[in-house]
*Asks:* 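Following this message is one structure expressed as structure tokens.
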Amino acid sequence: MTLENKLIYCSFCNTHKDKVKKLIVGDDVAICSDCIELCTNLIEDENSVTEPQTKEEEVQYDPASIKEYLDVHVVGQDSAKTVLSVAIANHYKRITYPPKDLDIQKGNVLIVGPTGSGKTLLAKTVAKYLKVPFVVADATSLTEAGYVGDDVESMISMLVNAAGGNPRLAERGIVFVDEIDKIARRSESTSITRDVSGEGVQQALLKLVEGTVCRIPSGGGRKHPGGDMMEVDTKNILFISGGAFVGLKDLIGNRKNGTTIGFGADIKDSKKEGDLSEVTPDDLTKYGMIPEFIGRFTTTVSIKELNKEELLRVLTGVKNNYIDQYKYLLSIDNIKLEFTEGALEQIVENCLTLKTGARGLHTEIERCLMPHMFNTKKYRENNVIEINITREQVLKPKSLI
Ligand SMILES: Nc1ncnc2c1ncn2[C@@H]1O[C@H](COP(=O)(O)OP(=O)(O)O)[C@@H](O)[C@H]1O
Ligand SMILES: [Mg+2]
């Protein structure tokens, strides 16, 4: 059939043009009025189902509601959750209802505290509540533009990907920059050569955090000459940075006790640890963050190491907890999984000793259950329908085979 002949039939339902009210012809396709009507209905139906869940108006920018949601997913860290909720609510109020003749500065958030205590989890949960695109970037893998590695703009590319390729959606998203303490400026004596990984990266990050229009490859991936580019404005993107800041407590302690490190400093006093919740911008500058950078993170949230009772709740009480996850996995093989109180306590105690925070719980459970999970087929054959993990098994897990 020649193209001309073909274009007297609807490309979708093959009906002749004389049999329909109207046939709209494009360069090499045609569509009839019936098919157009059908498509319109389809799209309308779909919108009526999906729209209410994704409409941003549905999300409440109210600190108490945000905190309530965080409480379901994150154990403890009460004051951190409160401060974070207020900062998040303010940010999204500002960008959703931009003031006409007032310039409210963006306040990014810095979370400091020990590893495995919920920094990443807090940021991720907030993004889930807000239904905005979210990415985690590792500060240690970032470099200044021109050096080998990922330049800071790669984070924005990742965010656009997380937003399904939609730059406008990405412009309301959240970037979590993990291990921010690792790009602290090194002490004076070691910075004779150009500091590639520290201060330079902070400077590069500063531009993004302040708000700039960056040009990124539109197909995602790496920049290459001649490739299509898209523009993304970062002024409304919320940056949340997290870091353990090992040693920061000592700096705070020294400031509070009026001691300085060096000759004559009272060793006993300088050993007195400070409290992370009392951290000031000055302490962070002393730690090696540049003042301009810290100036852009107007909210500092400190989190604590989780205690025994909190770790127990992470294990069994919180939504989507590890025990429920493994119970489910084993239930697929019709095996019931139980842990005795003593077993749970021992798992938590191991984590407290190892100082791995809640992150270690996963490793501990995995270690205890590994031989059982490996043997599920054998268990089924021998009609084993229940596994009971006791304290003894946590201390000395069954060996494989
Ligand atoms: N406060 C908490 N409440 C519930 N789970 C937690 C908490 N802190 C950590 N976890 C668990 O430990 C894992 C690692 O925590 P993460 O947020 O990555 O720690 P951090 O970023 O502080 O090192 C999380 O995926 C989560 O399962
Ligand atoms: Mg983390």
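In this chain, numbering begins with 1 at the start of the sequence shown.
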*Asks:* Can you run down the salt bridge (charged side-chain N to carboxylate O under 4.0 Å, His left out) pairs that involve residues 286-302, sequence neighbours left out, and say none if there aren't any?
*Replies:* E210-R296
*Asks:* Would you call I240 and N108 a side-chain contact if the rule is heavy atoms closer than 4.5 Å?
*Replies:* no
*Asks:* Applying ring pair (Phe, Tyr, Trp, His ring centres under 6.0 Å), which residue pairs with at least one partner in residues 336-355 are found, sequence neighbours left out?
*Replies:* none
*Asks:* Can you list the residues that meet the side-chain hydrogen bond (donor to acceptor under 3.5 Å, both in side chains) rule with H73, with sequence neighbours excluded?
*Replies:* none
*Asks:* Do V213 and T234 touch side chain to side chain, with heavy atoms closer than 4.5 Å?
*Replies:* no
*Asks:* Flag yes if more than 12 heavy atoms outside E68 fall under 6.0 Å of its CD atom; otherwise flag no.
*Replies:* no
*Asks:* Specify the closest pair of heavy atoms between C351 and G357, including all atoms of both residues, with the distance to one decimal.
*Replies:* CB-O, 3.9 Å
*Asks:* Answer yes if the side chains of H372 and Y326 hold a donor-acceptor pair under 3.5 Å, and no otherwise.
*Replies:* no
*Asks:* Tell me, please, which residues at least two apart from F293 pass ring pair (Phe, Tyr, Trp, His ring centres under 6.0 Å).
*Replies:* F297
*Asks:* Establish, from distance only, whether the side-chain atoms of R172 and T96 form a donor-acceptor pair under 3.5 Å.
*Replies:* yes
*Asks:* Within a strict 4.5 Å, meaning less than it, do heavy atoms of the L208 and T212 side chains meet?
*Replies:* yes
*Asks:* Judged by atom type as modelled, is there a donor-acceptor pair below 3.5 Å linking the side chain of T285 to the main-chain atoms of I290?
*Replies:* no
*Asks:* Give a yes or no answer on whether the side chain of E179 reaches the backbone of A137 with a donor-acceptor pair at less than 3.5 Å.
*Replies:* no
*Asks:* Can you tell if the side chain of I389 reaches within under 4.5 Å of the side chain of L344, non-hydrogen atoms only?
*Replies:* no
*Asks:* What class does the angle between the rings of F176 and F134 fall in, given that below 30° is parallel, 30 to 60° is tilted and above 60° is perpendicular?
*Replies:* tilted
*Asks:* Would one find more than 12 heavy atoms of other residues, nucleotides or ligands at under 6.0 Å from atom CD of E341?
*Replies:* no
*Asks:* Under the 3.5 angstrom rule, does the side chain of E171 hit a backbone N or O of D233 as a donor-acceptor pair?
*Replies:* yes
*Asks:* Donor-acceptor check, side chain of D333 to backbone of I335, threshold 3.5 angstrom: yes or no?
*Replies:* no
*Asks:* Would you call L276 and F245 a side-chain contact if the rule is heavy atoms closer than 4.5 Å?
*Replies:* no
*Asks:* Would you say the side-chain atoms of T82 pair up with the backbone N or O of D78, donor to acceptor, closer than 3.5 Å?
*Replies:* yes
*Asks:* Taking only residues two or more places apart in sequence, or in another chain, which ones meet K308 in a salt bridge (Lys or Arg N to Asp or Glu O under 4.0 Å)?
*Replies:* E349
*Asks:* Would the distance check show the side chain of Q77 and the main-chain N or O of S117 forming a donor-acceptor pair, the cut-off being under 3.5 Å?
*Replies:* yes
*Asks:* Is any side-chain heavy atom of L238 less than 4.5 Å from a side-chain heavy atom of I95?
*Replies:* no
*Asks:* Measuring only between side-chain heavy atoms, which start at C-beta, is Q325 closer than 4.5 Å to I365?
*Replies:* no
*Asks:* With ring pair (Phe, Tyr, Trp, His ring centres under 6.0 Å) as the rule and sequence neighbours excluded, what pairs involving residues 101-121 come up?
*Replies:* none
*Asks:* Just by distance, no angles: are the side chains of N350 and T353 close enough, under 3.5 Å, to form a donor-acceptor pair?
*Replies:* no
*Asks:* When you compare the side chains of D282 and T280, does any donor N or O come within less than 3.5 Å of an acceptor on the partner?
*Replies:* no
